[in-house]
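Some notes on the structure that comes next.
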Amino acid sequence: MATNITWHEGAVSLTERQSLLGQKGFTIWFTGLSASGKSTLATALEQTLLHSGISAYRLDGDNIRFGLNKNLGFGPDDRTENIRRISEVAKLFADATTIAVTSFISPYRQDRESARQLHEAAGIPFVEVYADAPLEVVEQRDPKGLYKKAKAGEIKEFTGISAPYEAPEKPEIHIKTHEVSVEQGVQQIIDYLVSKELVSADKLVKRA
């Protein structure tokens, strides 16, 4: 635990930074089972925002474990620490007025709630997106062959098979990925962001 440390305030407030850079920073938190479509939606959303001239950066669950969280496993404690770390990173991106687009299974409600509270305490919007697909659908998709391995006992503590997934109870956005296209899912997110004045409809229209 760190001791003898002091928080140093910067000379630029969050509101001033947003005004100077011309956009609001916030976090869009995708959650859902493996193969539910989280990463596909996150990638498409990031592309849409960037092509609209809006600063955004995608933080992907697998990618993060190649670097920042490569020392963590998949047990409950490590999963919680994984989400704690990425929550802090996402908040930093958002504080810098970049839209943090995170894509993590993040199976535990309490961990996601902690991420939300961290953002809210800093005055940063947090948008939870539930990429929802039934277990039988994601098992059929199974692009990495993980469900097959989990059922064969080759992967321990696999979410949805040998480890729990606690679905969001009140996500800001609920996308049933087995019922809509990627384009429709992205549009659903964009419509929400515009309705909450998190992104400018004019900017999206002008650069679409």
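Because only heavy atoms are used, hydrogens play no part in the values below, and waters and symmetry mates are left out as well, while side chains stay in. Quick note: residue numbers are just sequence positions, from 1.
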(request) Using atom types as modelled and distance alone, determine if a side-chain donor or acceptor of K203 lies under 3.5 Å from a backbone N or O of G53. (result) yes

(message) Within a 6.0 Å radius of atom OH on Y192, are there more than 12 heavy atoms belonging to other residues, nucleotides or ligands?
(response) yes

(request) Using only heavy-atom distances, determine whether the side chains of Q184 and Q188 contain a donor-acceptor pair under 3.5 Å. (result) no

(message) Which heavy atom of D78 sits nearest to which heavy atom of G73, and what is that distance?
(response) OD2-N, 2.6 Å

(request) Answer yes or no: is there an ion pair linking K144 with D62, defined by an N-O contact shorter than 4.0 Å? (result) yes

(message) Ignoring hydrogens, what is the shortest heavy-atom contact between L21 and A96? Give both atom names and the distance.
(response) CD1-O, 3.9 Å

(message) Would you call the rings of F158 and Y147 parallel, tilted or perpendicular, taking 30° and 60° as the class edges?
(response) perpendicular

(request) Would you mind reporting whether S114 and R84 have side-chain heavy atoms less than 4.5 Å apart? (result) no

(request) Give the C-alpha distance, both sets of side-chain angles, the deciding distance and a yes or no for side chain to side chain contact (heavy atoms under 4.5 Å, CB included) between I54 and L204. (result) CA-CA 9 Å; I54 299 170; L204 286 162; 4.2 Å; yes

(request) Check whether any side-chain N or O of K91 sits under 3.5 Å from a backbone N or O of H119 as a donor-acceptor pair, and report yes or no. (result) no

(message) Give me the atom names and distance for the closest heavy-atom approach of K148 to D142.
(response) N-OD2, 3.2 Å

(message) One thing to verify: whether E154 and K149 come together as a salt bridge, which I'm taking to mean a side-chain N less than 4.0 angstrom from a carboxylate O.
(response) no

(message) Assess whether a salt bridge exists between K196 and E172, defined as any Lys/Arg side-chain N lying under 4.0 Å from an Asp/Glu carboxylate O.
(response) no

(message) Could you go through H174 and K176, starting from their C-alpha distance and side-chain angles, then the distance that decides it, and tell me whether this counts as side chain to side chain contact (heavy atoms under 4.5 Å, CB included)?
(response) CA-CA 7 Å; H174 186 171; K176 296 186 177 182; 4.1 Å; yes

(message) Could you check whether atom CG of N71 has more than 12 heavy atoms from other residues, nucleotides or ligands sitting under 6.0 Å from it?
(response) yes

(request) Decide yes or no on side chain to side chain donor-acceptor pair (under 3.5 Å) for S39 and D60, but give the supporting numbers first. (result) CA-CA 7 Å; S39 293; D60 181 80; 2.8 Å; yes

(request) Before accepting this row, confirm whether a basic side-chain N of the pair E88/R85 lies closer than 4.0 Å to the acidic partner's carboxylate O. (result) no

(request) Answer whether the closest heavy-atom distance between the side chains of P76 and E157 falls below 4.5 Å. (result) yes

(request) Would you give the length of the straight line joining atom CH2 of W29 to atom CD of E128, rounded to the nearest 0.5 angstrom? (result) 9.5 Å

(message) Check whether Y165 forms a cation-pi arrangement with R109 (NZ or CZ under 6.0 Å from the six-membered ring centre, at most 45° off the ring normal).
(response) no

(message) Measuring from atom OG1 of T48 to atom CD of Q187, what distance do you get when rounded to the nearest 0.5 angstrom?
(response) 8.5 Å

(message) For a quick check under 3.5 Å, do T43 and Q47 share a side-chain donor-acceptor pair by atom type?
(response) no

(request) Would you mind checking if R141 and E136 are paired as a salt bridge, meaning a charged N to carboxylate O distance below 4.0 Å? (result) no

(request) Can you spot which of D111, T31, I64 makes a side-chain contact (heavy atoms from CB on, under 4.5 Å) with F104? (result) I64

(request) Determine the minimum heavy-atom distance between S55 and L50, stating which atoms define it. (result) CA-CD2, 4.3 Å

(request) Check whether any side-chain heavy atom of L72 lies under 4.5 Å from a side-chain heavy atom of R65, and answer yes or no. (result) yes

(message) Let me check something: do Y130 and F126 share a hydrophobic cluster, defined by ILVMFWY side-chain heavy atoms less than 4.5 Å apart, either directly or through other members?
(response) no

(message) Within the 3.5 Å criterion, strictly below it, is a donor on T159 or R79 matched to an acceptor on the partner's side chain?
(response) yes

(message) Distance check, rounded to the nearest 0.5 Å: S36 atom OG versus H178 atom NE2?
(response) 11.5 Å

(message) Is there a path of hydrophobic side-chain contacts, each under 4.5 Å between heavy atoms, that joins L198 and L41?
(response) yes

(message) Could you measure the distance from the CD1 atom of I161 to the CG atom of L33? Nearest 0.5 Å is fine.
(response) 8.5 Å

(message) Would you say I124 ends up clustered with I99 if hydrophobic residues are merged whenever their side chains have heavy atoms under 4.5 Å apart, either directly or through other cluster members?
(response) no

(request) Could you tell me the separation between the CD1 atom of I105 and the CD1 atom of I83, rounded to the nearest 0.5 Å? (result) 9.0 Å

(request) Answer with yes or no whether the hydrophobic clustering places V194 together with V101; edges join I, L, V, M, F, W, Y residues whose side-chain heavy atoms lie under 4.5 Å apart. (result) yes

(message) Test of understanding: clusters of I, L, V, M, F, W, Y form through side-chain heavy atoms closer than 4.5 Å, transitively. Do L193 and I175 belong to the same one?
(response) yes

(request) Would you check if the side chain of K156 reaches a backbone N or O of G153 as a donor-acceptor pair within less than 3.5 Å? (result) yes

(message) Restricting to non-hydrogen atoms, name the atom on L49 and the atom on V199 that form the minimum distance, rounded to 0.1 Å.
(response) CD2-CG1, 4.4 Å

(message) Which heavy atom of I155 sits nearest to which heavy atom of S162, and what is that distance?
(response) O-OG, 4.2 Å

(message) Could you measure the distance from the CG atom of L45 to the CD1 atom of I28? Nearest 0.5 Å is fine.
(response) 4.5 Å

